[in-house]
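What follows is a set of notes on a single structure, which appears directly below.
Convention: sequence-line order gives letters A, B, ...; per-chain numbering from 1.
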Amino acid sequence: MDASAPPTQGVRDMTADLYRTTRPGLLGIGNDGETVQVAGWVQTRRDHGGIVFLDVRDATGIVQVVVDPEGGVATEEVLDGLRREYVVSVLGVVTSRGEDHVNPDIPSGEIEIVASELRVLSPADPLPFQLDERVDVDEGLRLQYRYLDLRRPTMAANLKARSDAIRSMRRVLDARGFLEVETPTLVASTPEGARDVLVPSRLRQGHFYALPQSPQLFKQLLMISGVDRYFQIARCYRDEDFRADRQIEFTQLDLEGAFWGQEDVLEVLEEVAVEVSREVRGVDLARPFPRLTWQEAMDRYGTDKPDIRFEMEIRDLSAIFSATEFKAFAGVLGGGGTVRGINAGAKGLTRAGLDGLVERATSLGAKGLVWMVVEEDGSIRSPVAKFLSDTEQEAIKGALNAAAGDLLLIVADQFRTVAKVLGTLRLDMGQPDGHEELAYLFVTDFPHFEVTDEGNYAPMHHPFTAPENVDDMIESPDTAVSQAYDVVLNGSELGSGSVRIHDPATQGKVFEVLGITAEDAKRRFGWFMDALRYGTPPHAGFAFGIDRMVSILQGEPNIREVIPFPKTQTGSDPLTGSPSRVADAQLGELGVIIAPEVLAVWAEQEDAE
RNA sequence: GGGGGCGUGGUGAAGUCUGGAGUUCACGCCGGCCUGUCAAGCCGGAGGUCGCGGGUUCAAAUCCCGUCGCUCCCGCCA
């Protein structure tokens with residue numbers, strides 16, 4: 001039965017192979033008088049002893065069905081047994097409710113179906129939790145019965161939003177002549193980056209596939225293959241610890257274009273973001289999106305993914321303390337550090353609340369946090385006030401634009417620490433709760449490398465990112481800038497991209513800076529280096545995190561709400577029981593044995609049970 | 001690897017700090033009444049290993065230790 005089929009006139013008897021002629025959500029006052037058949041779930045039953053009302057729900061909506069005993073159609077046995085979530089098919093006449101009985105809360109509220117026949121297609125046990133929105137059910141239970149959870153209107157809406165988002169992505173890219181190409185999900189492991197999800201090979205025992213962290217190298221190969229513009233809705237896998245916005249598997253809109261530079265990519269990204277936001281949220285976003293360089297973002301917001309829906313910007317106060325008597329600040333400045341602060345506004349925090357902020361700052365890596373409260377008379381109340389001259393106090397208030405009641409938070413440390421601490425405190429103190437407003441932002445000019453704990457250089461984006469300037473990159477890797485960029489929405493990194501290296505010599509030099517020997521590079525990426533040698537067009541691209549984007553557009557606090565069947569924080573699926581142990585025979589075929597210490601743990605657990 | 005929060009009839013919460021009878025509230029479930037409801041209403045009823053294990057105590061949902069599960073964060077996430 002197809003949703004667009006018109007209501008069939010003159011149906012008189014239900015037949016076993018006909019479930020419906022129309023849908024609850026399609027019915028309105030215009031259908032008054034039509035004989036229709038609908039099928040769906042019994043959402044509620046309001047039994048008045050004689051007359052019974054049923055709300056019948058399907059994916060399109062809800063319609064009220066009236067069963068009147070005078071009608072004499074549904075047997076008492078059938079009606080008595082009807083419970084929530086039974087699946088039924090109802091034959092009846094669409095009837096105007098009359099003004100007194102209209103329900104304005106549902107689209108079909110002006111009409112109801114007066115049932116002449118009712119058939120139970122499938123009974124339902126009492127549910128393990130209620131489907132209405134009045135309680136927050138434990139998420140483990142929701143995941144165990146996800147098929148019930150997804151019946152809830154918000155979850156159904158999230159599924160639809162995700163579908164709508166992906167459809168508009170396809171529409172935009174299709175209109176621009178992109179080719180949708182699939183790349184393998186069983187690929188070679190690359191030890192760079194995140195931990196790989198590994199899959200043992202049966203035909204080559206002791207060898208492993210990896211699931212792709214992204215289709216990065218394949219899409220670059222497609223550029224070399226002559227594909228002009230590529231995209232893919234790509235499932236990606238990274239085996240790192242879970243967060244509200246991170247799952248072991250996630251979905252990206254992956255795209256790449258030949259003969260492209262940064263501006264070409266950003267233009268398409270903007271169009272995609274605008275169209276998706278229009279489709280899902282019905283908003284028209286202002287273009288162009290704001291842009292910040294990485295350095296500006298770090299200076300003003302303390303993070304490379306600033307939430308620019310609110311101000312509370314970080315100010316550099318170092319100059320104020322250039323000759324300070326306050327030893328803590330003087331020491332930091334003498335050691336090449338910086339002193340910066342934010343004005344958190346009038347918070348009215350208690351002493352305990354302020355102490356909590358200090359604790360928070362310390363846990364983020366700061367050696368301390370200086371708080372100041374501006375009193376009504378303009379004086380500063382702070383544990384360190386006595387160490388600061390009047391001039392310094394006045395200068396602080398000036399720099400932070402402080403008014404009476406304002407709470408000022410100041411951190412002195414190396415730049416990265418100051419940025420992290422103040423950036424986080426800024427979010428703690430000011431970030432809006434929901435996602436009513438959408439603030440997209442491009443962050444550009446990322447550093448090419450970051451220094452690892454071991455003192456080596458690691459790529460900030462990935463090793464195939466083109467440097468702004470090759471000589472700079474080689475001579476001063478600490479400060480070299482890359483042609484990488486991010487899209488940020490409301491303080492979340494939606495995705496990142498870059499102009500790629502298309503010249504094997506440059507690629508080799510990047511590997512050199514990364515400390516990858518020519519021999520190593522050849523062994524690990526030789527096949528890719530070879531490909532670069534056969535005529536590679538300059539190219540650039542990007543990857544959008546679809547889960548994050550849809551979750552923010554839907555105002556959801558985590559991406560699990562927009563993933564139909566997500567994993568828990570410990571990587572398990574309560575519904576199917578994955579990951580699970582497998583039979584010894586399966587392991588044998590793969591040449592895999594379970595380590596003795598793991599077997600020992602299993603034995604202990606079994607004893608405990 | 002580390003830190004925080006949560007775990008109480010089917011569901012959600014209160015009770016835990018300050019130990020004293022499985023107590024309470026809302027929803028659901030079962031039964032009854034009820035012919036115009038809109039998450040119907042009214043009356044009645046059933047339903048519990050207080051996640052699990054150990055300890056302290058005359059006495060543990062409550063205090064202590066361990067453990068499991070869920071969750072948020074730091075680390076990690078090219």
Problem - Of the listed nucleotides B/G36, B/C73, B/C72, the one nearest the side chain of A/R360 - result: B/C73
Practice task
Check whether any side-chain N or O of A/R83 sits under 4.0 Å from OP1 or OP2 of B/C30, and answer yes or no.
Solution key: yes
Exercise for the section: Once you apply the 3.5 Å cut-off to both distances, tell me the Watson-Crick or G-U wobble partner of B/C6, or none. Expected result: B/G69
Handout entry: Presence of A/T568 side-chain N/O under 4.0 Å of B/G69 phosphate oxygens OP1/OP2
Key = no
Handout entry: A/Q554 side chain to A/N158 side chain, donor-acceptor N/O pair below 3.5 angstrom
Key = yes
Exercise for the section: May I ask you to say what A/L143 touches in the nucleic acid, namely base, sugar-phosphate or nothing, with a heavy-atom cut-off under 4.0 Å? Expected result: nothing
Practice task
Return the nucleotide paired to B/G22: Watson-Crick means purine N1 to pyrimidine N3 with N6-O4 or O6-N4, wobble means G-U with N1-O2 and O6-N3, both under 3.5 Å.
Solution key: none
Problem - Any strand: nucleotide that pairs with B/C77 via Watson-Crick or wobble, under 3.5 Å - result: none
Exercise for the section: Ignoring backbone atoms, test whether A/S363 places a side-chain nitrogen or oxygen under 4.0 Å from the OP1 or OP2 oxygen of B/C74. Expected result: no
Practice task
Kindly say whether, by distance alone, the side chain of A/Q569 makes a donor-acceptor pair under 3.5 Å with the base of B/G69?
Solution key: no
Exercise for the section: Look through every strand shown and name the nucleotide pairing with B/G48 as Watson-Crick or G-U wobble, where both distances are under 3.5 Å. Expected result: none
Exercise for the section: Report yes if the ring of A/H48 lies under 5.5 Å from the six-membered base ring of B/A40 with planes under 30°, and no otherwise. Expected result: yes
Exercise for the section: For the residue pair A/F464 and A/F511, categorise the inter-ring angle as parallel (less than 30°), tilted (30 to 60°) or perpendicular (more than 60°). Expected result: perpendicular
Practice task
Kindly indicate whether a cation-pi arrangement holds for A/R581 with A/W602, taking the cut-offs as under 6.0 Å to the six-membered ring centre and within 45° of the axis.
Solution key: yes
Exercise for the section: I would like to know whether A/F53 and A/H48 meet ring-ring contact (aromatic ring centres under 6.0 Å, His included); could you show each step before the answer? Expected result: CA-CA 8 Å; A/F53 299 96; A/H48 289 251; 5.6 Å; yes
Problem - Presence of donor-acceptor pair under 3.5 Å, side chain of A/Q130 and base of B/G10 - result: yes
Exercise for the section: Assess whether one donor atom and one acceptor atom, taken from the side chain of A/D100 and the base of B/G36, lie less than 3.5 Å apart. Expected result: no
Exercise for the section: Indicate whether the side chain of A/R46 and that of A/T44 have a donor and an acceptor atom separated by less than 3.5 Å. Expected result: yes
Handout entry: Ring centroids of A/F129 and B/U11 base under 5.5 Å with planes under 30°
Key = no
Exercise for the section: Would you classify A/K567 as touching base, sugar-phosphate or nothing, given that sugar-phosphate means primed atoms plus P, OP1 and OP2, and contacts are heavy atoms under 4.0 Å? Expected result: nothing
Exercise for the section: Mind calculating the distance between CG (A/L364) and P (B/G3) to the nearest angstrom? Expected result: 16 Å
